[in-house]
Amino acid sequence: MTSTALPGSDPALLLRSRGLRVTRPRLAVLSVLAAQPHLRADQVIASVRRSGEVSSQGVYDVLNTLCAHGLLRRIQPRGDVARYEVETGDNHHHVVCRSCGRVTDVECAAGEAPCLDLPETTSLHGFSVDEAEVTWWGHCPACATTP
Ligand SMILES: [Zn+2]
Ligand SMILES: [Zn+2]
């Protein structure tokens, strides 16, 4: 998956590009999610705390700040807790396992948002629309073979 939306993948550069101070907790959260996308907040907390002394609240604050500045993307599967991933700007979608909750990336067929074509006759009630959120649901290979 390639993207030119963000200046490289150096976490310190990413933070500076958004005018954010470079702090150890922010670097830790970005590197955890770069290595393993779609983690829940508690999983991010567990990984980050292994590498140093950061409070749970500190990790939540970092997650919120990085989402607000467009460095992280929060995905909220229906009926599930939020997952986090590094924002790649590629408008990709997700397929979610109904059974184990596994989240996997699906490349956007259209390539850019909003990627769903609306029939000419469909009105969006005057809204200026820039994104369509698409989530596919089913069973992952592991769950599909488990009776
Ligand atoms: Zn599954
Ligand atoms: Zn993703």
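Start at 1 and go down the list; that is how both ligands and their atoms are numbered. Residue indices begin at 1 and follow the sequence shown.
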Notebook entry, point to check: Which one of Val86, Asp61, Val48 satisfies the side-chain contact (heavy atoms from CB on, under 4.5 Å) criterion with Val29?
Noted result: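 Testing Val29 for a side-chain contact (heavy atoms from CB on, under 4.5 Å) against Val86, Asp61, Val48 leaves exactly one candidate, Val48.
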Checklist line | Asp105, N/O/S atom nearest the Zn ion (ligand 2) | finding: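 The Asp105 atom nearest to the Zn ion (ligand 2), restricting to N, O or S, is OD1.
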Check: In the shown structure, where waters are left out, how many protein N, O or S atoms lie under 2.8 Å from the Zn ion (ligand 1)?
Finding: 4
Check: Taking the hydrophobic residues Ile, Leu, Val, Met, Phe, Trp and Tyr, and joining any pair whose side-chain heavy atoms are under 4.5 Å apart, which ones share a cluster with Val103?
Finding: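 Joined to Val103, directly or through intermediates: Ile75, Val96, Trp137.
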Check: Does Arg26 use its side chain to pair, donor to acceptor, with the backbone of Arg21 at less than 3.5 Å?
Finding: yes
Notebook entry, point to check: Of His94, Arg83, Arg73, Gln43, which meets side chain to side chain donor-acceptor pair (under 3.5 Å) against His38?
Noted result: His94
Item checked: Angular separation of NE2 (His94) and OE1 (Glu85) seen from the Zn ion (ligand 2), to 10° -> 120°
Check: With sequence neighbours left out, what residues match Ser31 under side-chain hydrogen bond (donor to acceptor under 3.5 Å, both in side chains)?
Finding: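 Expected list: none.
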Check: Who pairs with Arg98 by side-chain hydrogen bond (donor to acceptor under 3.5 Å, both in side chains), at least two apart in sequence or on another chain?
Finding: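 By the side-chain hydrogen bond (donor to acceptor under 3.5 Å, both in side chains) rule, Arg98 matches no residue at all.
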Next item on the list: Tell me whether His92 has at least one N, O or S atom under 2.8 Å from the Zn ion (ligand 2).
Entry: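 A backbone or side-chain N, O or S atom of His92 is under 2.8 Å from the Zn ion (ligand 2).
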Check: Is the count of non-hydrogen atoms from other residues, nucleotides or ligands lying under 6.0 Å from Gln76 atom CD greater than 12?
Finding: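 Yes, enclosed.
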